[in-house]
Amino acid sequence: ARGIDPDVDVIAAEPSRADDAFRSLANGRIEPMRNPATIADGLRTPLGQINFDILSSHRVTVELASESAIIAATRLIFERMKLVVEPSGAVPLAALMEAPVSRRAPRIGVIVTGGNVDLDALLYTLKSAG
């Protein structure tokens, strides 16, 4: 994105229960993962040095998403976009849904990835939360 427009803000997102990138960037050093009990199982891995260096050098900020927002975003993507994404892939939308309106830019692009889904578990989660 910055290759096209150097003034673009690049914002990453992660679950608030797996917030090692958020804490690491805030403290200027890699912070350990703390028992990441999140539905976004694809984001339970710790931040490595290479990724930390990339995030730091490119001035990337990290927003956090609650578990309820991750479930709501996963459901929204499934129901409205007709896409099956794993909860980890819905985290960027979840963080955006929780962001105050005053912090939103006039144009926003959200990258939604990840289709590694246990469909039975996903449908149970969406049904339970709905």
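FYI, side chains are in, hydrogens and waters are out, and symmetry mates aren't considered; it's all heavy atoms of this structure.
Ile70 and Val84 fall within the same hydrophobic cluster, defined by Ile, Leu, Val, Met, Phe, Trp and Tyr side-chain heavy atoms under 4.5 Å apart, directly or through other members. With hydrophobic clusters built from ILVMFWY side chains whose heavy atoms lie under 4.5 angstrom apart, Val8 shares a cluster with Leu55. Placement of Val62 and Val91 in two distinct hydrophobic clusters is found when ILVMFWY residues are connected by side-chain heavy-atom separations under 4.5 Å, directly or transitively. Linking Ile, Leu, Val, Met, Phe, Trp and Tyr residues whenever their side-chain heavy atoms come within less than 4.5 Å leaves Phe78 and Met97 in two separate clusters.
Atom CZ of Phe52 is surrounded by more than 12 heavy atoms from other residues, nucleotides or ligands within 6.0 Å.
Annotation for Glu67 and Pro15: closest pair OE2-CB, 4.1 Å, computed over non-hydrogen atoms. When all heavy atoms of Ala94 and Ala65 are compared, the closest pair comes out as CB-CB, 3.7 Å. Here the closest non-hydrogen pair linking Ile77 and Ala90 is CD1-CB, 3.9 Å. Residues Pro92 and Ser88 share a closest heavy-atom pair of CD-O, 4.1 Å. Scanning all heavy atoms of the two residues, the minimum distance from Asp41 to Glu86 falls at OD1-OE1, 4.4 Å. Nearest heavy-atom pair, Thr113 versus Val85, reported as atom, atom and distance to 0.1 Å: O-CB, 4.5 Å.
Residues Ser56 and Leu25 have side chains in contact (heavy-atom distance under 4.5 Å, counting atoms from C-beta outward). At least one side-chain heavy atom of Ser24 sits less than 4.5 Å from a side-chain heavy atom of Glu31.
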Checklist entry - For Leu83 and Val112, what are the C-alpha separation, side-chain angles and deciding distance, and is it a side chain to side chain contact (heavy atoms under 4.5 Å, CB included)? => result CA-CA 10 Å; Leu83 297 173; Val112 178; 5.7 Å; no
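The backbone N or O of Phe22 sits less than 3.5 Å from a side-chain atom of Glu14, completing a donor-acceptor pair. Remark: the backbone N or O of Asp19 is not paired with any side-chain donor or acceptor of Arg34 at under 3.5 angstrom. The backbone N or O of Ser66 lies less than 3.5 Å from a partner atom in the side chain of Glu98, making a donor-acceptor pair. Between the side chain of Glu63 and the backbone N or O of Ala99, no donor-acceptor pair lies under 3.5 Å.
Taking CG of Leu93 as the start and CE of Met81 as the end, the distance is 5.5 Å to the nearest 0.5 Å. Distance CD1/Ile11 to CD1/Ile108: 8.0 Å, rounded to 0.5 Å. The CG atom of Leu76 lies 7.5 Å from the CD atom of Glu79; values are rounded to the nearest 0.5 Å.
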For residues 42-49, dump all side-chain donor-acceptor pairs below 3.5 Å to protein atoms at least two apart in sequence or in another chain.
from  : atom 1 : to    : atom 2 : distance (Å)
Arg44 : NE     : Thr38 : O      : 3.1
Arg44 : NH2    : Thr38 : O      : 2.5
Gln49 : NE2    : Asp53 : OD1    : 2.8

